[in-house]
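A short write-up of the structure that comes next.
Here is the naming used below: chain letters follow the sequence lines, and residue numbers restart at 1 for every chain.
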Protein chains: 2
Amino acid sequence: MLFGERIRELRESQGLLQRQLAANLEIDTPMFSKIERGGRKAKREQVLKIAEILKASEQELLALWLADQIKEIVTDEDQALQALKIAQKDINQANTK
Amino acid sequence: MLFGERIRELRESQGLLQRQLAANLEIDTPMFSKIERGGRKAKREQVLKIAEILKASEQELLALWLADQIKEIVTDEDQALQALKIAQKDINQANTK
DNA sequence: TTATATTAGCCAAATATTGACAAGTCATAA
DNA sequence: TTATGACTTGTCAATATTTGGCTAATATAA
């Protein structure tokens, strides 16, 4: 899990404990542990709060968090890359319109 | 919705009615209508069955169906394209390993 | 009008997600 | 060894979301 790995890196490099982050997010430590390990998906607002606490880029963390969800959808699908390409194209079209 | 649009095209070009497809899928017509219009998400097995009934490419329809789900996740997100890129990279790495 | 095709809205059943708790592992200190 | 602290795992109930079907509305054609 890209998001979990990244926030763990950030947390550890700052010498923070899971329970400190968890308290800030108003969830318990086991829950935060699961988020870091990818067993649970963070909510969007939690991502923002984590970015704030860890003084990290909101954009970076959101992108990783979204990427995890995309991966979840396409894993084990032969058409994974094809689907990504189609989505990309479609979004680009929507943007330029 | 890419998937819905495509199956509607295929269905109409073959002169089939929603209720015929719906019967085959063992759902009612309103439900099939919603799938075509994107109000409801088809199940994976329904996608396969639709491909079979419409004599269409299973791969094509699965790709469109996945793309719709990806779009759903990233719509309204500034990091949409960035997230797609990250997911793409990650999947490629997993494939080549 | 009537008949047929499609769509919209609503409801209950089924399913998934969420957060909390208790108990577990692992490493280190006393 | 025991004790402690950090983290992880498993399970549970509460909540939220999704699913499918029903009924009714709309549209289109004969």
ask   = Heavy atoms, side chains only, cut-off 4.5 Å: are A:I35 and A:W65 in contact?
value = no
inquiry  = For a 4.5 angstrom cut-off between non-hydrogen side-chain atoms, does B:Q82 reach B:I86?
reply    = yes
ask   = How does protein contact run along nucleotides 24-30 of chain C, one letter per nucleotide 5' to 3', with B for base contact, S for sugar-phosphate only, - for none, heavy atoms under 4.0 Å?
value = -------
key: side chain to side chain contact (heavy atoms under 4.5 Å, CB included) partners for A:Q59, two or more places apart   = A:S57, B:Q79
request  = May I ask you to say whether A:E9 pairs ionically with A:R6, meaning some side-chain N is under 4.0 Å from a carboxylate O?
outcome  = yes
message = Counting only heavy atoms not in A:E26 (residues, nucleotides, ligands), do more than 12 fall under 6.0 Å from its CD?
response = no
key: Side-chain touch A:L64/A:I7, heavy atoms, less than 4.5 angstrom   = no
task = Produce a footprint string for nucleotides 6-23 of chain C: one letter per nucleotide, 5' end first; B if the base is under 4.0 Å from any protein heavy atom, S if only the sugar-phosphate is, - if neither.
result = SBBBB-------BBBBB-
message = Under a 4.0 Å threshold between the charged nitrogen and the carboxylate oxygen, would A:E36 count as salt-bridged to A:R11?
response = yes
